[in-house]
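Note on naming: letters A, B, ... go to the chains in the order of the sequence lines (proteins, then strands), and numbering restarts at 1 for each one.
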Amino acid sequence: MQLHNTASGRKEPFVPQNPERVTMYVCGPTVYSYAHIGNARPAVVFDVLARLLRRRYPRVDYARNITDIDDKINAAAAKEGVEIGVITARFAAAYHEDLAALGVAPTDFEPRVTEHLPQIISMIERLIASKHAYAAEAHVLFSVASYPDYGQLSKRDPRELLAGARVEVAPYKKDAGDFVLWKPSPPELPGWDSPWGRGRPGWHIECSAMAEALLGDTIDIHGGGHDLVFPHHENERAQSTCAHGGAVFSRYWLHNGFLTMDSEKMSKSIGNVLLVREILKHAPGEAVRLALLTGHYRQPLDWNDEALADARRKLDRLYGALRDTADVAPATDAVAPDAFLAALDDDLNTPAALAELFELARALNKAESADDKARLRAQLLDAGSVLGILQADPAAWFSHSTAAGSVSNEEIDRLVAQRAEAKKARNFAESDRIRDELKARGILIEDSAQGTRWRSIN
RNA sequence: GGCUCGGUGGCAGAGUGGUGAUGCAGGGGACUGCAAAUCCCCGUACGUCGGUUCAAUUCCGGCCCGAGCCUCCA
């Protein structure tokens, strides 16, 4: 298996530190609002990676945090006049709902900042003791100058960062590039007691502390969106490495590319932020998931109506092959083909893996013997399970209707029966009229050897 | 300005130093009462200008265009 490591800028063979226990940490959401489709990409991508790793190794410890201490959360809570816990509980639950709809399996760990204050404080104390951090005016700052490797992950020149040309430098900072590990909280804001007074953790320290607590000093894989490379991951790396006496923090850094909306960056100022739950009102979660896996995870992905419609048609084809062989029990000993797994093993090449899936579907459509059908069907289902798709009942997929006020199943059955009568009487004008009527209402009729069937085209 | 990463057929999107994935759309055929689904066949695709090479879409360099990051945004 090969993975592209941001730290080296190359694909590298993936060799876990301990093959008995692979560890992966992915940066999760700050829960102050609903997840948008860009937030969903890393969740889906690293879900596929976790599935692949679980197939390869006996134990995978996958942690994805929920950040529940943050200034934006404070702002949202103040606006509603509630405790921050009200806000974070609401949006953490929404996040879970959205991910479940996208077929993202729960992670092994889901640490929260509010549950790790002692660990965070302990790590900051150790950084101060080792002179990698200093307290100043109720803040604690990480000293970038104390870590010569700073900037290596994001390929940035440390001197420039120390100079901080673009940044307004707080007076208590020794160097412009120093960043906050702990900051004071005024009485009206949430705060926690610490050796430096009542305050709250800075943005980056949480992930370092929680990864340490759950996965150890050195983790195998650290993932997140490409925008996190700097400063978030650069800072995490600095903190953790220094807190651990120089031990490597993450052996492989993986970053997914950004999502654009109709070729534009998704941003609140442009007003093109698309929430996962909005999309799910008009499209099956599985299609959203597949759309996110259509491109390679490191490439930018443009989100638009056509991309989603494309994903639905792909699933129509794949589920079509499964539906046509619904009477065949999958072989129990057949697994995803080597070519499919090899594609994923090559830095999670989902487009190439998908191509193998379509080859399987074609072979399954052509298969004549029961043995071939049973084998190919099992292979297709198993391959689908690695990508987290194709596990639903094909009949459910094709009857899935997202159009409001569509025809009831009873009415469809009645019209199909009427049409069958007309056909039997060779009254084709009438049977075609019924078919056209159903089509106009979003139902497509298909006559097959097994009888007439239908599917929703909305 | 600095640092990343891209520009592949109508669209999406892999990949490769020499036999041009895959899906959708499109054309032809088989099947069908007609369709749909399925199967078969069909595309002078690799931003641009140079260089290296027997051979470059694939390697190197310039240029043009696009995306992202440059201190709390996945």
Side-chain angles (χ1 to χ4, degrees), chain A residues 6 9 26-30 35-46 67 70-72 144 151 154-157 160-161 164-169 176-180 183 202-204 206 223-232 234-235 255-260 263-268 273 290-291 294-296 298-302 304 306-307 309-318 320-321 323-324 339 343 346 349-359 361-362 364-366 398 423 426-429 431-432 435-436 439 444-449 452-455 457:
Chain A
T6 304
V26 172
C27 290
T30 301
H36 62 245
I37 185 65
N39 296 314
R41 169 120 99 148
V44 168
V45 162
F46 291 107
T67 295
D70 178 88
D71 288 351
K72 287 190 289 278
V144 168
S154 55
K155 316 270 189 295
R156 263 157 235 273
D157 184 344
E160 198 175 295
L161 293 160
R166 275 182 51 148
V167 195
E168 207 176 308
V169 182
D178 291 353
F179 54 90
V180 169
K183 58 185 169 186
W203 176 37
H204 317 291
E206 75 210 59
H226 196 254
D227 58 327
L228 294 181
V229 176
F230 188 88
H232 187 53
E234 190 71 69
N235 291 356
H255 293 100
N256 62 275
F258 248 53
L259 205 72
T260 53
S263 305
E264 255 189 328
K265 185 187 174 175
M266 197 171 359
S267 89
K268 284 183 180 164
V273 173
L290 184 59
T294 293
H296 183 87
R298 280 191 286 116
Q299 295 304 123
L301 179 70
D302 190 46
N304 53 60
E306 190 52 36
D310 230 58
R312 292 187 67 156
R313 286 190 291 256
K314 284 176 179 167
L315 285 168
D316 280 345
R317 178 162 175 78
L318 296 170
R323 176 178 63 175
D324 287 344
D346 183 13
N349 191 336
T350 51
L354 245 12
E356 294 301 327
L357 228 48
F358 286 107
E359 296 290 353
R362 170 178 291 110
L364 180 55
N365 282 328
K366 286 166 70 171
F398 284 108
K423 277 185 65 172
R426 302 195 65 79
N427 183 355
F428 296 122
S431 72
D432 289 353
R435 185 170 64 197
D436 290 345
K439 191 177 178 187
L444 199 68
I445 290 297
E446 299 174 4
D447 292 330
S448 77
T452 296
R453 65 194 180 198
W454 57 269
R455 64 188 170 108
I457 52 176

- prompt: Does rA36(B) pair with anything, Watson-Crick or G-U wobble, both distances under 3.5 Å, and if so, with which nucleotide?
  reply: none
task: Looking at every strand, decide which applies to Gln299(A) at a 4.0 Å heavy-atom threshold: base, sugar-phosphate, or nothing.
output: sugar-phosphate
- request: Just call it for His255(A): base, sugar-phosphate, or nothing, with non-hydrogen atoms closer than 4.0 Å on any strand.
  value: nothing
field: Presence of donor-acceptor pair under 3.5 Å, side chain of Arg435(A) and base of rC34(B)
entry: yes
- request: Describe the nucleic acid contact of Leu259(A) in one word from base, sugar-phosphate, nothing, applying a heavy-atom distance below 4.0 Å.
  value: base
query: Counting only Watson-Crick or G-U wobble pairs whose two distances fall under 3.5 Å, which nucleotide matches rC5(B)?
result: rG66(B)
- request: For Phe258(A) and rG68(B), say yes or no: do the ring centres fall under 5.5 Å of each other while the ring planes differ by less than 30°?
  value: no
Nearest to side-chain heavy atoms of Leu301(A), which nucleotide of rC70(B), rG13(B), rC34(B): rG13(B)
query: Heavy atoms under 4.0 Å, any strand shown: does Thr30(A) hit a base, just sugar-phosphate, or nothing?
result: nothing
message: Strictly by Watson-Crick or wobble contacts shorter than 3.5 Å, is anything paired with rG17(B), and which nucleotide is it?
response: none
task: Looking at every strand, decide which applies to Thr294(A) at a 4.0 Å heavy-atom threshold: base, sugar-phosphate, or nothing.
output: sugar-phosphate
Sugar-phosphate, base or nothing in reach of Arg317(A), heavy atoms under 4.0 Å: sugar-phosphate
query: Which part of the nucleic acid, if any, lies within contact of Asp316(A), taking any heavy atom under 4.0 Å across all strands shown: a base, the sugar-phosphate backbone alone, or nothing?
result: nothing
message: Tell me which nucleotide, if any, is Watson-Crick or G-U wobble paired with rG23(B) when both distances must be under 3.5 Å.
response: rC11(B)
statement: Checking rC34(B), rU4(B), rA36(B) against the side chain of Lys423(A) (C-beta onward), the nearest is rC34(B)
field: side-chain N/O Arg312(A) vs rC24(B) OP1/OP2, d < 4.0 Å
entry: no
message: What contact category does Gly320(A) fall into here, base, sugar-phosphate, or nothing, at under 4.0 angstrom with non-hydrogen atoms?
response: nothing
field: Salt bridge flag under 4.0 Å for residues Asp436(A) and Lys439(A)
entry: no
message: Counting the atoms with a prime plus P, OP1 and OP2 as sugar-phosphate, which does Glu359(A) contact under 4.0 Å by heavy atoms, base, sugar-phosphate, or nothing?
response: sugar-phosphate
Opposite nucleotide pairing with rC46(B), Watson-Crick or G-U, both atom distances under 3.5 Å: none
- prompt: Would you say a side-chain N or O of Lys366(A) is under 4.0 Å from OP1 or OP2 of rC40(B)?
  reply: yes
salt_bridge(Glu234(A), Arg156(A)) N-O dist < 4.0 Å: no
query: For the side chain of Arg41(A) and the base of rA74(B), is some donor closer than 3.5 Å to an acceptor across the two?
result: no
message: Once you apply a heavy-atom cut-off of 4.0 Å, does Asn349(A) come out as touching a base, just sugar-phosphate, or nothing?
response: sugar-phosphate
task: Would you mind classifying the nucleic acid contact of Lys183(A) as base, sugar-phosphate or nothing, using non-hydrogen atoms under 4.0 angstrom?
output: base
query: Counting side-chain heavy atoms from C-beta on, which of rA35(B), rA74(B), rA14(B) comes nearest to His296(A)?
result: rA14(B)
- request: Go through rA37(B), rU22(B), rU71(B) for me and flag the one nearest to the Phe358(A) side chain.
  value: rU22(B)
task: With the side chain of Arg426(A) defined as its heavy atoms from C-beta on, choose the nearest nucleotide among rG33(B), rA74(B), rG13(B).
output: rG33(B)
- prompt: Salt bridge between Asp316(A) and Arg323(A), side-chain N to carboxylate O under 4.0 Å?
  reply: no
- request: Using a 4.0 Å heavy-atom cut-off across all strands, classify Leu444(A) as base, sugar-phosphate, or nothing.
  value: sugar-phosphate
Residue Asn365(A), side-chain atoms from C-beta onward, closest of rA21(B), rC39(B), rC24(B): rC39(B)
task: Kindly say whether, by distance alone, the side chain of Asp432(A) makes a donor-acceptor pair under 3.5 Å with the base of rG33(B)?
output: yes
